[in-house]
Amino acid sequence: MQVQESEKAAKYLRVKVVDHTKEGRPAVNIKVPIGVVKWGMKMAQAFSPQMKDVNLDWDSIDAMVQEGETGKIVEVEDEAEHKTVEVWLE
């Protein structure tokens with residue numbers, strides 16, 4: 001994990017999916033305000049059957065935001081699909 005201390009709290013959550021079959025170009029690169037992410041996850045868990053049982057520890061992510069941490073918080077490699085998913089606090 002490459003989380004760095006910052007003087008100001010993160011304002012955005014960035015999710016990037018890199019498709020390694022397409023010369024490593026991003027297939028998805030989205031930047032969403034933290035407040036929208038929190039609201040969206042609550043709505044998804046309330047209305048989506050697939051999201052109801054997701055064990056998302058938003059309190060830990062929120063604590064990182066409040067402490068001013070920024071940087072990459074998750075990187076997942078999907079070797080079968082040749083994709084990498086990266087999640088950042090900015």
Side-chain angles (χ1 to χ4, degrees):
M1 208 177 329
Q2 299 174 329
V3 178
Q4 302 168 359
E5 294 276 333
S6 173
E7 290 186 23
K8 35 186 192 169
K11 295 181 181 177
Y12 298 97
L13 183 81
R14 178 180 296 276
V15 177
K16 183 163 67 169
V17 179
V18 177
D19 187 340
H20 297 287
T21 62
K22 296 182 179 180
E23 300 175 15
R25 287 185 265 155
V28 175
N29 190 0
I30 185 168
K31 182 174 169 179
V32 182
I34 292 289
V36 173
V37 172
K38 187 174 184 178
W39 175 82
M41 289 304 298
K42 285 184 179 184
M43 294 301 291
Q45 288 180 319
F47 295 105
S48 172
Q50 294 86 359
M51 292 296 293
K52 284 187 186 214
D53 296 326
V54 171
N55 186 15
L56 177 67
D57 187 359
W58 180 258
D59 292 335
S60 293
I61 295 169
D62 193 40
M64 292 171 71
V65 170
Q66 296 306 316
E67 291 172 10
E69 296 184 18
T70 59
K72 188 184 301 183
I73 58 172
V74 175
E75 180 173 326
V76 179
E77 301 252 352
D78 183 341
E79 293 179 9
E81 295 292 324
H82 306 289
K83 294 182 180 166
T84 302
V85 178
E86 299 174 343
V87 180
W88 298 74
L89 289 174
E90 297 183 341

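Note that these values count all heavy atoms, side chains included, but never hydrogens, waters or copies made by symmetry.
- Grouping the Ile, Leu, Val, Met, Phe, Trp and Tyr side chains by contacts below 4.5 angstrom, directly or via other members, places Val18 apart from Ile30.
- Across every non-hydrogen atom of Ile34 and Ala10, the tightest pair is CG1-O, 3.9 Å.
- Within the model, atoms CD of Glu75 and OG1 of Thr84 stand 6.0 Å from one another, a figure rounded to the nearest 0.5 Å.
- Val15 and Met43 fall into different hydrophobic clusters, defined by Ile, Leu, Val, Met, Phe, Trp and Tyr side-chain heavy atoms under 4.5 Å apart, directly or through other members.
- With sequence neighbours left out, the side chain to side chain donor-acceptor pair (under 3.5 Å) criterion links His82 to no other residue.
- Rounded to the nearest 0.5 Å, atoms CD1 (Ile73) and CD (Glu86) are 12.0 Å apart.
- Taking CD of Glu77 as the start and NE2 of His20 as the end, the distance is 5.5 Å to the nearest 0.5 Å.
- For Glu81, the side-chain contact (heavy atoms from CB on, under 4.5 Å) partners are Asp78, Lys83, not counting sequence neighbours.
- Rounding to the nearest 0.5 angstrom, the gap separating the OH atom in Tyr12 from the CG atom in Leu89 is 13.5 Å.
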Could you please spell out the steps behind the side chain to side chain contact (heavy atoms under 4.5 Å, CB included) verdict for Val85 and Val74? CA-CA 8 Å; Val85 178; Val74 175; over 6 Å; no
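- When the side-chain contact (heavy atoms from CB on, under 4.5 Å) test is applied to Val36, the partners found at least two apart in sequence or on another chain are Val32, Pro33.
- Considering CG of Leu13 and CH2 of Trp88, their distance stands at 12.0 Å, rounded to 0.5 Å.
- With sequence neighbours excluded, the residues forming a side-chain contact (heavy atoms from CB on, under 4.5 Å) with Ser48 are Gln50, Met51, listed by chain and number.
- Sequence neighbours left out, the pairs with a member in residues 29-38 that pass side chain to side chain donor-acceptor pair (under 3.5 Å) are Arg14-Asn29.
- By the side-chain contact (heavy atoms from CB on, under 4.5 Å) test, Ile61 is found to be paired with Leu56, Trp58, residues two or more places apart in sequence or in another chain being considered.
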